[in-house]
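What follows is one structure encoded as structure tokens, with my remarks underneath.
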Amino acid sequence: MIRAVFLGPPGAGKGTQAVKIAKKHSLVHISTGDMLREAVKEGTELGKLAKSYMDKGELVPDDVIVGIIRERLSKEDVKKNGFILDGFPRTLPQAKALDNMLSELNMPLDKVIYLNVPDEEVIKRLLLRGRADDREDVIKKRLQVYRKQTQPLIDYYKEKGILAEISGVGDIEEITRKIEKALGLA
Ligand code: ADP
């Protein structure tokens, strides 16, 4: 049982690793990107709102995202099995809101995995992936947003003493092993 956040630039492989590790260790995988894409597909009000930001490479407003996460974290499976948060938090206000939620729920965060991948590699990967928001101009914007809004979380969690930095470049299995080790799962 572990409660973890996966942090890193778009294209770092957070999703790939989170899915794998969650499955293997029976953790709940919570991806805000997946949840938003699902809402877009279903054409809900949330989906329509989210799409207008995602298409531009901008972040969906904090209160919207925090509401989604609050609802998800209130479910029983999370308490029982632990979780990997993938793509949340992405801003300092989101991180602080998460701290408050988790302390109310009596479920402190164990570890933050920072998957580090250089910019050139990230751009290469995203162009190959070709998702709707993986167009060159949108990628550039997402990287800018990441640097400005999300990177400060690295220091935030470092100061809390729960950050583990892992290189996201190299063999996928090898990276999985390193993450499992950092999480105390191997
Ligand atoms: P990537 O890791 O490639 O950026 P994600 O699937 O995590 O992909 O996110 C895709 C888009 O969804 C983001 O660019 C943003 O618009 C929106 N999004 C996802 N998570 C959040 C979040 N925590 N806060 C705000 N917006 C988010």
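Positions are given from 1, in the same order as the sequence printed here. Reckoned from all heavy atoms, side chains included, excluding hydrogens, waters and symmetry mates.
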Linking I/L/V/M/F/W/Y whenever their side-chain heavy atoms sit closer than 4.5 Å, directly or via other members, would [X] and [Y] fall into one cluster?
X	Y	result
M1	M107	no
L7	V122	no
F88	L163	yes
V117	L143	yes
L85	I154	yes

Do [X] and [Y] come within less than 4.5 Å of each other through their side chains, counting heavy atoms only?
X	Y	value
S167	N116	no
K111	Y157	no
I68	L46	yes
L109	L102	yes
P10	I139	no
Y114	V5	no

N/O donor-acceptor pair under 3.5 Å between [X] side chain and [Y] backbone:
X	Y	answer
K51	G43	no
K14	L115	no
R142	K56	no
R90	G87	yes

For the [atom1] atom of [X] and the [atom2] atom of [Y], what is their distance to the nearest 0.5 Å?
X	Y	atom1	atom2	value
L105	R70	CG	CZ	9.5 Å
S103	L98	OG	CG	10.0 Å
L36	D133	CG	CG	10.5 Å
D99	Q94	CG	CD	12.0 Å
I123	L128	CD1	CG	12.5 Å
E104	S74	CD	OG	11.5 Å

Worksheet item: Is any side-chain N of the basic residue among K79 and E76 closer than 4.0 Å to the acidic one's carboxylate O?
Response: no
Sequence neighbours excluded, which residues qualify as side-chain contact (heavy atoms from CB on, under 4.5 Å) partners of [X]?
X	result
R72	V28, I30, M35, K75, D77, V78
E45	K48
A22	L27, H29, I84

Which atom of [X] lies closest to which atom of [Y], heavy atoms considered:
X	Y	value
M54	V60	CG-CG2, 4.5 Å
V40	G47	CG2-O, 3.5 Å
G11	L126	CA-CD2, 3.6 Å

Item to complete: Establish, from distance only, whether the side-chain atoms of Y53 and D55 form a donor-acceptor pair under 3.5 Å.
Response: no
Discussion item. Ignoring hydrogens and geometry beyond distance, is a side-chain donor-acceptor pair present between D62 and T91 at under 3.5 Å?
Written reply: yes
Worksheet item: Who passes side chain to side chain donor-acceptor pair (under 3.5 Å) against K141, sequence neighbours left out?
Response: none
Worksheet item: Which residues pass the salt bridge (Lys or Arg N to Asp or Glu O under 4.0 Å) test with D34, sequence neighbours left out?
Response: R37
Worksheet entry | Check against side-chain contact (heavy atoms from CB on, under 4.5 Å), V66 and M101 | CA-CA 9 Å; V66 167; M101 280 186 263; 3.8 Å; yes
Worksheet entry | Worked check of side-chain contact (heavy atoms from CB on, under 4.5 Å) between Y146 and D119 | CA-CA 11 Å; Y146 170 75; D119 276 7; over 6 Å; no
Side-chain donor-acceptor distances from residues 174-186 under 3.5 Å, at least two apart:
from	atom 1	to	atom 2	distance (Å)
E174	OE1	R177	NH2	3.0
T176	OG1	Q17	OE1	2.6
T176	OG1	K20	NZ	2.8
T176	OG1	I172	O	2.9
E180	OE1	K24	NZ	3.4
E180	OE2	K24	NZ	2.8
E180	OE2	H25	NE2	2.8

Discussion item. Using the salt bridge (charged side-chain N to carboxylate O under 4.0 Å, His left out) definition, which of the options R129, R125, K124 pairs with D134?
Written reply: R129
Practice prompt. Among T32, V145, I65, find the residue that satisfies the side chain to side chain contact (heavy atoms under 4.5 Å, CB included) test when tested with L59.
Written response: V145
